[in-house]
Protein chains: 2
Amino acid sequence: MNPSRRQPVHAATSSSGDELYGITELAAEYGISLRTIRFYEDKGLLAPRRINGGRAYTRRDRVRLGLILRGKAVGMSLAEIEHILSLYGEHGEGHARQLDYLIGRIDAAMAELDQRRRHIETMVAELDKVRGELKRERAARARAAKKRAGAT
Amino acid sequence: MNPSRRQPVHAATSSSGDELYGITELAAEYGISLRTIRFYEDKGLLAPRRINGGRAYTRRDRVRLGLILRGKAVGMSLAEIEHILSLYGEHGEGHARQLDYLIGRIDAAMAELDQRRRHIETMVAELDKVRGELKRERAARARAAKKRAGAT
DNA sequence: CCGAGTGCTTACGTTAACGTCAACAACCTG
DNA sequence: CAGGTTGTTGACGTTAACGTAAGCACTCGG
């Protein structure tokens with residue numbers, strides 16, 4: 001409830017190995033709005049550190065954002081994406097419970113993605129069929145024109 | 001504004017070669033609601049014939065509905081799908097204007113789909129990476145357990 | 001010290017894609 | 001012919017995924 005201080009944050013490409021990025025940098029990089037990034041945070045998909053009241057994103061956060069956008073591009077809801085991000089998240093920082101369960105979950109997610117891929121291939125095949133018909137028709141028209149030319 | 005007559009319509013699998021289907025049949029077949037099908041009609045994605053006030057769908061309508069659902073499954077909006085359906089539609093019933101233009105449009109649509117496919121493959125690769133890490137970790141745990149067993 | 005620039009929060013608005021509900025019509029059945 | 005099933009058309013509600021706008025905080029350049 002207390003906005004307090006500010007500070008650009010931007011590329012802290014200094015001695016520290018953990019480079020940080022500001023929200024506008026990320027927005028520009030991925031071509032999305034600030035509002036969208038904050039929205040993803042509200043949804044729990046991102047959890048940047050706060051520095052002087054401003055959001056500071058790590059490379060890891062950027063990867064997550066990339067996954068979010070890819071997920072959207074292939075038709076996943078933010079809820080589904082959150083699901084996948086949880087798999088992608090911290091596994092091994094000490095407890096690492098149920099490795100088998102996690103691997104199973106990942107397999108399931110991969111299977112679903114594969115299903116979508118097959119859907120796409122089916123649609124491409126359908127379109128290719130139509131394309132073939134059109135090409136044949138065009139060829140037929142060309143032949144007809146040739147014939148007309150020969151008749152005159 | 002006049003609902004008028006009705007009639008089940010259902011499978012007119014009689015002498016006529018153009019089998020017709022009722023809305024409930026389609027809904028059941030594709031596992032969607034009646035409301036959804038009517039909604040697609042409102043959006044211009046479907047245009048079934050009317051028989052006694054009731055909707056009558058042909059095989060062609062079913063194919064279109066299949067494309068709609070596939071499109072949704074891979075993350076296309078209804079507007080985009082309408083776009084593709086227009087390509088899929090009646091080409092050649094007499095006029096067939098701008099064949100080249102149509103073929104170009106189809107190529108563009110296929111390219112977009114291919115882009116989505118690549119996104120999926122990238123995500124699958126990411127997940128596979130995580131999966132590999134988890135498997136290694138599991139193996140390490142197994143070795144540690146073995147060592148403990150040997151020590152006792 | 002003042003205004004521009006950047007960021008934060010809160011809150012209301014918007015669009016897409018349906019769901020839900022009401023009221024009515026036609027049909028078949030007992 | 002009363003009642004149930006199946007269908008139709010509105011009209012309004014809902015959810016997801018943001019957009020837009022208002023108002024305050026802080027910092028920097030002049």
Side-chain angles (χ1 to χ4, degrees), chain A residues 1-12 20-57 61 65 67-83 85, chain B residues 1-12 20-57 61 65 67-83 85:
Chain A
M1 283 116 186
N2 184 358
S4 299
R5 286 115 284 172
R6 196 85 19 226
Q7 209 145 282
V9 169
H10 61 62
L20 294 182
Y21 310 85
I23 188 171
T24 33
E25 289 177 273
L26 245 69
E29 184 169 347
Y30 287 100
I32 58 182
S33 72
L34 305 185
R35 177 69 178 90
T36 299
I37 294 182
R38 297 197 190 105
F39 179 73
Y40 293 159
E41 181 174 343
D42 286 352
K43 284 289 186 165
L45 302 182
L46 293 175
R49 299 153 53 187
R50 291 308 185 107
I51 295 183
N52 285 336
R55 295 170 170 80
Y57 300 87
D61 289 321
L65 183 51
L67 284 176
I68 294 172
L69 298 180
R70 279 176 195 287
K72 285 200 47 184
V74 303
M76 301 174 58
S77 71
L78 292 187
E80 294 175 288
I81 292 171
E82 179 176 11
H83 218 171
L85 284 179
Chain B
M1 280 117 186
N2 184 0
S4 300
R5 286 114 284 172
R6 197 84 24 223
Q7 209 144 281
V9 169
H10 59 64
L20 295 181
Y21 310 84
I23 188 171
T24 32
E25 291 176 89
L26 245 69
E29 183 170 348
Y30 287 100
I32 59 182
S33 72
L34 306 185
R35 177 70 177 89
T36 299
I37 294 182
R38 297 197 189 105
F39 178 72
Y40 292 159
E41 181 174 342
D42 286 352
K43 284 288 187 166
L45 302 183
L46 294 175
R49 297 151 57 186
R50 290 309 185 107
I51 296 185
N52 284 337
R55 295 168 170 81
Y57 300 87
D61 289 322
L65 183 50
L67 284 176
I68 294 173
L69 298 180
R70 278 177 196 287
K72 285 200 47 187
V74 303
M76 301 174 58
S77 71
L78 292 187
E80 293 175 288
I81 292 170
E82 180 176 10
H83 218 171
L85 284 180

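Note on naming: letters A, B, ... go to the chains in the order of the sequence lines (proteins, then strands), and numbering restarts at 1 for each one. Note that these values count all heavy atoms, side chains included, but never hydrogens, waters or copies made by symmetry.
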Can you find a side chain N or O atom of [X] that sits less than 4.0 Å from OP1 or OP2 on [N]?
{"X": "B/Arg38", "N": "C/dA17", "answer": "no"}
{"X": "B/Thr36", "N": "C/dA17", "answer": "no"}
{"X": "A/Arg50", "N": "C/dT9", "answer": "yes"}
{"X": "A/Ser33", "N": "D/dC18", "answer": "no"}
{"X": "B/Tyr40", "N": "C/dA17", "answer": "no"}
{"X": "B/Arg55", "N": "D/dT9", "answer": "yes"}

* Who passes side-chain contact (heavy atoms from CB on, under 4.5 Å) against A/Glu41, sequence neighbours left out? -> A/Pro48, A/Arg50, A/Arg55, A/Tyr57
* Looking at D/dG7, D/dC18, C/dG7, which one has an atom nearest to any side-chain atom of B/Thr24? -> D/dG7
* Closest nucleotide among D/dT8, D/dC18, D/dA11 to the A/Phe39 side chain -> D/dC18
Shortest non-hydrogen separation from [X] to [Y] and the atoms involved:
{"X": "A/Leu46", "Y": "A/Asp61", "answer": "CD2-O, 3.8 Å"}
{"X": "A/Ala27", "Y": "A/Ser33", "answer": "CB-C, 4.3 Å"}
{"X": "B/Leu45", "Y": "B/Ile68", "answer": "CB-CD1, 3.7 Å"}

Using whole Å, report how far [atom1] of [X] lies from [atom2] of [N].
{"X": "A/Arg35", "N": "C/dG7", "atom1": "CZ", "atom2": "P", "answer": "16 Å"}
{"X": "B/Glu82", "N": "C/dA17", "atom1": "CD", "atom2": "C1'", "answer": "14 Å"}
{"X": "B/Lys43", "N": "C/dT15", "atom1": "NZ", "atom2": "P", "answer": "11 Å"}
{"X": "B/Ile32", "N": "C/dT20", "atom1": "CD1", "atom2": "P", "answer": "15 Å"}
{"X": "A/Leu34", "N": "D/dA17", "atom1": "CG", "atom2": "C1'", "answer": "16 Å"}
{"X": "B/Leu26", "N": "D/dG7", "atom1": "CG", "atom2": "P", "answer": "12 Å"}
{"X": "A/Glu41", "N": "D/dA17", "atom1": "CD", "atom2": "P", "answer": "17 Å"}
{"X": "A/Ile37", "N": "D/dA17", "atom1": "CD1", "atom2": "P", "answer": "17 Å"}

* Heavy atom of residues 70-81 of chain A under 4.0 Å from DNA chain D: which residues? -> A/Lys72, A/Ser77, A/Leu78
* **Pair A/Arg38-A/Ile23, side-chain contact (heavy atoms from CB on, under 4.5 Å): steps then yes or no** => CA-CA 9 Å; A/Arg38 297 197 190 105; A/Ile23 188 171; 3.8 Å; yes
Please list, one pair per line, the donor and acceptor atoms closer than 3.5 Å that link side chains of residues 73-83 of chain B to other protein atoms, with sequence neighbours excluded.
residue : atom : partner  : partner atom : Å
B/Ser77 : OG   : B/Ala79  : N            : 3.4
B/Ser77 : OG   : B/Glu80  : N            : 3.2
B/Ser77 : OG   : B/Glu80  : OE1          : 3.4
B/Glu80 : OE1  : B/Ser77  : N            : 2.7
B/Glu80 : OE2  : B/Arg116 : NH2          : 3.2
B/His83 : NE2  : B/Arg105 : NH2          : 3.0

* Report the C-alpha distance between A/Leu20 and A/Arg49 in whole Å, list the side-chain angles of each, state the deciding distance to 0.1 Å, and finish with yes or no for side-chain contact (heavy atoms from CB on, under 4.5 Å). => CA-CA 9 Å; A/Leu20 294 182; A/Arg49 299 153 53 187; 3.5 Å; yes
